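A single structure is presented below for examination.
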Amino acid sequence: VSSCCDIETIADIPSEERFERKPLQLNVCFDEPVLTGDRAVWLSLINEKLSPLLTGACEVHPARHPPGIVGQPSVVEEFLKQCERPLVIVGALCPPDAPVVAQFLSCLGAPVWAEASSQLLSLPELKPLLLRSGNGFVRKLFDQGRFDGVLRIGGVPSPRVWRDLDERLSHLPVCVISEQPFLGLERGELVAGPLPLILSPLLETGSVPSYTVAHDIRAADDVRRAGIAELLGRYPKSEVGMLARIAAHVPARAQVYLGNSLPIREWEIATVSGGPERALYGVSRGANGIDGQLSTFLGWVNSNRKPEPASEAWAIVGDLTALYDLNAFWALRHLEYPLSLRVVVLNNGGGQIFSRMFSSQLFLNQHTISFKGLSEMWGLECLEWSGEHALPVASSDAPGPNLLLIEARPCDTQSAHFWKEFERLQASA
Ligand SMILES: Cc1ncc(C[n+]2csc(CCOP(=O)(O)OP(=O)(O)O)c2C)c(N)n1
């Protein structure tokens with residue numbers, strides 16, 4: 001996306017904004033419920049304002065990123081001065097920014113809840129700070145009043161607890177340090193710009209206060225983490241259990257792309273006992289379309305650092321997501337580097353993210369499609385994996401771009417048991 005802007009009121013719809021010749025994504029958030037007259041007004045205004053862009057009649061200029069930093073970095077210092085027990089939430093980070101963020105977090109010493117897309121989960125120096133037992137546990141800590149402020153670093157986090165900060169946790173102060181000028185909430189302090197420009201001066205001037213992770217929080221997280229590891233071992237054919245087995249198989253420094261929908265949420269649980277060391281993560285979340293994700297994966301690996309010999313790149317996506325991009329492998333011939341590509345389609349027979357949101361099965365788009373036909377279409381090796389045996393490996397490890405499609409079919413019963421016990425574990429005292 002070449003340019004971003006926050007559209008908070010109708011008057012904010014940009015009329016002069018100009019975009020580079022690149023895909024443009026507009027996220028328009030409506031207050032719920034959306035079926036009011038306002039929606040029609042919005043739609044017609046958006047249409048009117050943006051129609052020049054859609055017809056190609058707009059002038060094309062380079063993107064205008066805000067120069068330097070938006071907001072005062074001193075806001076971060078002020079925010080931290082007011083907090084005795086902050087929680088740091090780390091969303092998506094650009095890989096080159098991860099070291100300075102890790103240094104800042106180590107210095108700060110506060111508990112950290114990081115998404116896989118933060119690139120931080122496997123850093124040994126952060127292990128004592130990371131809370132790894134999931135959304136339910138963190139929500140519980142909020143309910144117990146264990147945090148008196150939230151510092152977000154990086155992209156807008158996907159877990160529910162982030163949105164709670166606009167709802168039942170709206171009394172807690174929030175400060176955001178991000179590359180993009182988006183708060184992702186209706187409130188809070190924002191300092192936006194290149195993260196090293198914001199964080200390095202704080203580190204250099206010694207103005208980062210020092211916190212600790214409370215012993216009982218550390219202990220409760222460790223107990224739950226061990227409990228989750230035990231569940232993963234007990235239900236190896238559940239969806240998360242199979243993801244954990246995949247994670248154990250992915251080599252260090254591999255590129256890992258997580259696509260919609262559950263794999264993104266499940267990966268953090270699946271790697272509680274450790275995932276691939278120093279993996280490079282790319283993530284495309286539910287707010288984005290589920291379409292085009294396999295193509296995105298191929299484009300992403302092609303644009304990443306030149307891989308080391310025998311380097312592997314893994315994509316893990318849902319079945320509907322894969323079905324929305326059947327033509328993706330066309331791009332294989334354009335890959336510039338020899339890579340071993342592993343595309344795992346987690347075939348749970350539909351969009352299971354909706355199974356815990358809606359009572360009607362209609363939302364799931366259930367099916368019994370097999371992905372063998374897709375591999376035949378593109379001449380790819382395809383292996384089915386029901387979790388009964390070890391994860392299958394490619395029959396040929398010949399150098400050069402090669403792609404193995406793994407259709408993983410989790411066991412519904414084991415998945416149901418896993419989630420039931422997982423939720424019980426989260427809720428435990
Ligand atoms: C183009 C597009 N259509 C519909 C959606 C709404 N949507 C979000 S997640 C999802 C289901 C994804 O299913 P699947 O890839 O099988 O993953 P699972 O939920 O099983 O993990 C859908 C349809 C979307 N994000 N983009």
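Just the heavy atoms: all of them, side chains too, but no hydrogens, waters or symmetry mates, feed the values below. Just follow the structure's listing: the first ligand is 1, and inside any ligand the first atom is 1. All values derive from a computational prediction rather than experimental measurement.
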- prompt: Do side-chain atoms of Ser170 reach the backbone of Leu165 as a donor and acceptor pair under 3.5 angstrom?
  reply: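 Checking the backbone N and O of Leu165 against the side chain of Ser170, no donor-acceptor pair under 3.5 Å is found.
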task: For the pair Asp221 (side chain) and Arg132 (backbone), establish whether a donor and an acceptor sit closer than 3.5 Å, ignoring hydrogens and angles.
output: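 Yes; judged by distance alone, with no hydrogens or angles, the pair exists.
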- prompt: What are the atoms of ligand 1, with element, lying closer than 4.0 Å to any heavy atom of Leu320?
  reply: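 Heavy-atom distances to Leu320 below 4.0 Å select 13 (O), 14 (P), 15 (O), 16 (O).
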field: Where ligand 1 meets Asn348 - atom numbers and elements under 4.0 angstrom, heavy-atom basis
entry: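 Counting atoms of ligand 1 from 1, those under 4.0 Å from Asn348 are 20 (O).
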query: Would you call Arg253-Glu312 a salt bridge at under 4.0 Å N-O?
result: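 No, no charged N to carboxylate O under 4.0 Å.
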- prompt: Would you say Ala322 contacts ligand 1, with heavy atoms under 4.0 Å as the rule?
  reply: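 Contact check Ala322 vs ligand 1: negative.
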message: Closer than 4.0 Å to some heavy atom of Asp291 - which atoms of ligand 1 meet that?
response: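 The atoms of ligand 1 under 4.0 Å from a heavy atom of Asp291 are 1 (C).
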message: At under 4.0 Å between heavy atoms, is it the side chain or the backbone of Thr321 that contacts ligand 1, or both, or neither?
response: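 Both the backbone and the side chain of Thr321 come within reach of ligand 1.
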- prompt: Would Asp222 and Arg218 pass as an ion pair if we require N to O under 4.0 Å?
  reply: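 Result for this pair is yes, salt bridge flagged.
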query: In terms of side-chain geometry, is the basic nitrogen of Arg146 or Asp216 positioned less than 4.0 Å from the acidic oxygen of its partner?
result: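 Between Asp216 and Arg146 there is a salt bridge, with a charged N closer than 4.0 Å to a carboxylate O.
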task: Identify, by atom number and element, the atoms of ligand 1 in contact range of Pro263, meaning under 4.0 Å from any of its heavy atoms.
output: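 Here the atoms of ligand 1 in question are 21 (O).
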task: For Gly289, take its heavy atoms, then give the atoms of ligand 1 lying under 4.0 Å from any of them.
output: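 Under 4.0 Å from Gly289, ligand 1 has these atoms: 25 (N), 26 (N).
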query: Which atoms form the tightest heavy-atom contact between Arg152 and Phe182, and what is the distance?
result: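 Here Arg152 and Phe182 meet closest at NH2-O, 3.4 Å.
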